[in-house]
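Report on one structure; see the data block that follows.
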Amino acid sequence: GQQLNQSPQSMFIQEGEDVSMNCTSSSIFNTWLWYKQDPGEGPVLLIALYKAGELTSNGRLTAQFGITRKDSFLNISASIPSDVGIYFCAGQDDTGANSKLTFGKGITLSVRP
Amino acid sequence: SAVISQKPSRDICQRGTSLTIQCQVDSQVTMMFWYRQQPGQSLTLIATANQGSEATYESGFVIDKFPISRPNLTFSTLTVSNLSPEDSSIYLCSVGLDYNSPLHFGNGTRLTVT
């Protein structure tokens, strides 16, 4: 089946630093999504990407849909303590909610004040 | 985006019993899904909740263990039956407002089976 690879499993950064997370796949996806999950809560959608090469920003977050459609990255600039959480990438075969999401295993981000 | 309410937020259940989880959305949505997140793991799709018909289950999940109802476009339930400790997980409701919308998640139900 399709798999999404996120590594490393954990990242530790200093407050104010930028951080970049990658997500790679062995197969093509037509939609890439990035979610953040805080403890005790469900994943919250950060950014959705629908076109190869697309670069989209949401505040301090920037994500790109790779040209090969097999990868995506998420950048967080000027990190703050509330950026702590688990970041999941997810891919869909087709645009739209009727297509199943495949999730990566997530990256746990820690921010040292 | 829609407001998704899941109940209960957490529960501790005994082995052999069942738990029914409710998902209520504040607006009509086209798609509703149920996911499982085992401790420290990623999210795995259990099934698609189809309005007015039987749910569509993913490989490894069966209706007898995870019966699902979706009587209308704003509400669904997931029952986890004949509980065992291996069922201890977070169960998440997810919705798509329409076919072109990304999925949004409820806050989940944290189930512990003793």
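In this text, all values refer to a predicted model and were calculated from it rather than measured experimentally. Atom set for the values below is all heavy atoms of this structure, side chains included, hydrogens, waters and symmetry mates excluded. Quick note on labels: first sequence line is chain A, next is B, and so on, each numbered from 1.
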| So does A/Gln14 have more than 12 non-hydrogen atoms from other groups sitting under 6.0 Å from CD? | yes
| Under 4.5 Å between side-chain heavy atoms, hopping through other hydrophobics if needed: is there a path connecting A/Val84 to A/Val19? | yes
| task | Please examine the side chains of A/Pro43 and B/Leu92, heavy atoms only from C-beta on, and report whether any two atoms are closer than 4.5 Å. | result | yes
| Can you check side-chain contact (heavy atoms from CB on, under 4.5 Å) on A/Phe103 and B/Gln37, steps first, answer last? | CA-CA 11 Å; A/Phe103 279 85; B/Gln37 186 177 25; over 6 Å; no
| Heavy-atom distance under 4.5 Å to chain A: side chain of B/Leu43, backbone, both or neither? | both
| So does A/Glu15 have more than 12 non-hydrogen atoms from other groups sitting under 6.0 Å from CD? | yes
| Heavy-atom proximity to chain A below 4.5 Å, by part of B/Gln6 | neither
| So which part of A/Gln37 gets closer than 4.5 Å to some heavy atom of chain B, the side chain, the backbone, both or neither? | side chain
| said: Is it true that, when you exclude B/Lys65 itself, more than 12 heavy atoms of the residues, nucleotides or ligands shown sit nearer than 6.0 Å to its NZ? | reply: yes
| query | Under 4.5 Å between side-chain heavy atoms, hopping through other hydrophobics if needed: is there a path connecting A/Ile13 to A/Leu61? | reply | yes
| note | Closest non-hydrogen atoms of A/Lys105 and B/Ser42, given as atom of the first, atom of the second and distance, are CA-CB, 3.7 Å
| field | Residues, nucleotides or ligands: over 12 heavy atoms within 6.0 Å of B/Arg10 CZ | value | no
| Just how far is it from atom CG of A/Leu101 to atom CZ of B/Phe33, taken to the nearest 0.5 Å? | 7.5 Å
